[in-house]
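Here is how names work: the chains are called A, B, and so on, in the same order as the sequence lines, proteins then strands, and each is numbered from 1.
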Amino acid sequence: MDINKKDNNLIVTGLKDFNLHHIFDCGQCFRFNAVSENSYFGIAKNKALLISQNDDEVIFYDTTEDDFKNIWYDYFDLNRDYSEIKSRLSNDPIMKEAVSYGDGIRILNQDLWEAVISFIISASNNIPRIKGIIERLCENFGKQISYMGKTYYTFPDTDTIYSLSKEDLSVIRSGFRDKYIMDAADKFKSGTLTEEYIKSLSTPDAKKALMTINGVGNKVSDCILLFGLGRVDSFPVDVWIKRIMEYCYFDGEQSIPAISAFAEKHFGDIGGFAQQYLFFYARENKIGTE
DNA sequence: CACCAGGCAAGCC
DNA sequence: GGCTTGCATGGT
């Protein structure tokens with residue numbers, strides 16, 4: 001990896017296993033969107049970022065070296081060797097095919113609180129609407145930040161969401177999920193759950209702790225573990241994963257627990273990566289929808 | 001216009 | 001324990 005400054009931009013070359021389309025369209029994050037053929041814009045970690053990619057050259061616009069080293073290097077999981085993970089998964093011919101579709105996927109290291117609220121909102125919802133609800137949450141209650149001459153909004157912190165009434169929250173039109181959002185804020189604000197405490201727990205205990213939040217069940221907790229806590233052995237089973245697993249590994253319908261059990265055995269400690277390659281592959285190929 | 005979306009909790013047996 | 005149902009809203 002090589003970093004060069006040009007004006008206010010950072011030009012990073014030599015990134016392996018890195019593709020913006022794969023990273024931002026594999027369902028892990030809701031605040032980044034394509035703004036042109038090869039560039040994405042979004043907000044994470046209280047920072048806005050415009051990023052573009054041409055083959056080996058990735059440009060972080062209006063970004064300092066400090067922010068790259070302190071924020072984006074970790075956010076994009078650049079310290080991890082994906083080649084090794086991909087080669088391990090590719091012993092399985094099905095995974096080899098899925099990996100070849102999304103060979104530039106990286107699991108983003110997102111903020112825990114944002115993951116908790118975002119995946120509560122994701123329940124029984126579609127991705128365009130999830131993104132809309134989250135944007136309204138940020139625009140109404142986040143802090144203003146300025147980037148490249150424009151104003152954007154951060155993801156609101158626990159105290160801010162805790163202070164909201166149900167009527168305040170109604171502007172985001174989250175439907176029945178509003179009470180779940182408020183329960184998460186209650187539990188984090190009261191200290192029943194804290195980020196430090198959850199991070200100190202083993203994965204099974206962290207999962208149990210997360211599931212004490214109303215609106216956080218099996219699937220949502222797995223997403224929080226994987227995307228907000230870096231527990232890369234988690235294998236969230238949603239409708240897409242259920243369909244593609246039934247299609248690829250089973251002969252017809254299977255229960256979610258059966259699929260989870262199979263994934264745990266089959267993918268072990270790298271289940272989270274397998275899940276992302278499969279999710280991307282299923283959605284790109286619309287597996288099970290026609 | 002139905003159908004259903006990255007589910008979950010609560011109420012049944 | 002497993003199975004059903006209601007849930008708000010809007011994308012397709």
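For the P atom pair drawn from B:dG7 and C:dT12, the interatomic distance equals 16 Å after rounding to whole Å. Annotation: C:dG11 and B:dC8 have their P atoms spaced 22 Å apart (nearest Å). Distance noted for atom P between B:dC4 and C:dT5: 15 Å (whole Å). C:dG6 and B:dC3 have their P atoms separated by 15 Å, with the value rounded to a whole Å.
Remark: the backbone N or O of A:D55 is paired with a side-chain donor or acceptor of A:Q53 at under 3.5 angstrom.
Classification of A:E246 and A:K242 as a salt-bridged pair holds, one side-chain N sitting under 4.0 Å from a carboxylate O. At a threshold of 4.0 Å, the pair A:D183-A:K187 counts as salt-bridged, since one of the basic side-chain nitrogens sits closer than that to a carboxylate oxygen. Ion pairing between a basic and an acidic side chain is recognised when a charged N comes within 4.0 Å of a carboxylate O; A:R80 and A:D17 show no such pairing.
Heavy atoms of A:I241 sit nowhere under 4.0 angstrom from any nucleic acid atom. Looking at heavy-atom distances under 4.0 Å, A:F119 makes no contact with the nucleic acid at all.
Residues A:H22 and A:Y277 keep their aromatic ring centres 6.0 Å or farther apart. With ring centers used as reference points, A:Y281 lies under 6.0 Å from A:Y101. Checked against the 6.0 Å centroid criterion, the rings of A:F30 and A:F119 qualify as a close aromatic pair.
Note on ring orientation: taking the six-membered ring where Trp is involved, the planes of A:W72 and A:F76 are tilted (angle from 30° to 60°).
One finds no side-chain N or O of A:K179 lying less than 4.0 angstrom from the OP1 or OP2 phosphate oxygen of B:dC8.
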Just the table, please: protein N/O against nucleotides 9-12 of chain C N/O, every pair under 3.5 Å.
unit_1	atom_1	unit_2	atom_2	d
C:dT9	O2	A:R129	NE	3.2
C:dT9	O2	A:R129	NH2	3.2
C:dG10	OP1	A:R173	NE	2.4
C:dG11	O4'	A:N126	ND2	3.2

What N/O pairs connect the protein and nucleotides 9-13 of chain B at under 3.5 Å? Give each pair on its own line.
unit_1	atom_1	unit_2	atom_2	d
B:dA9	OP1	A:G215	N	3.1

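Evaluated for a ring-ring contact (aromatic ring centres under 6.0 Å, His included) with A:F41, the options A:F60, A:Y152, A:Y61 yield exactly one hit, A:Y152.
Proximity of A:V12 to A:F68: side-chain heavy atoms (C-beta onward) are separated by under 4.5 Å at one or more points.
With 3.5 Å as the limit, one finds no donor-acceptor pair spanning the side chains of A:S100 and A:D103.
Residues of residues 222-237 of chain A that place a heavy atom closer than 4.0 Å to DNA chain C do not occur.
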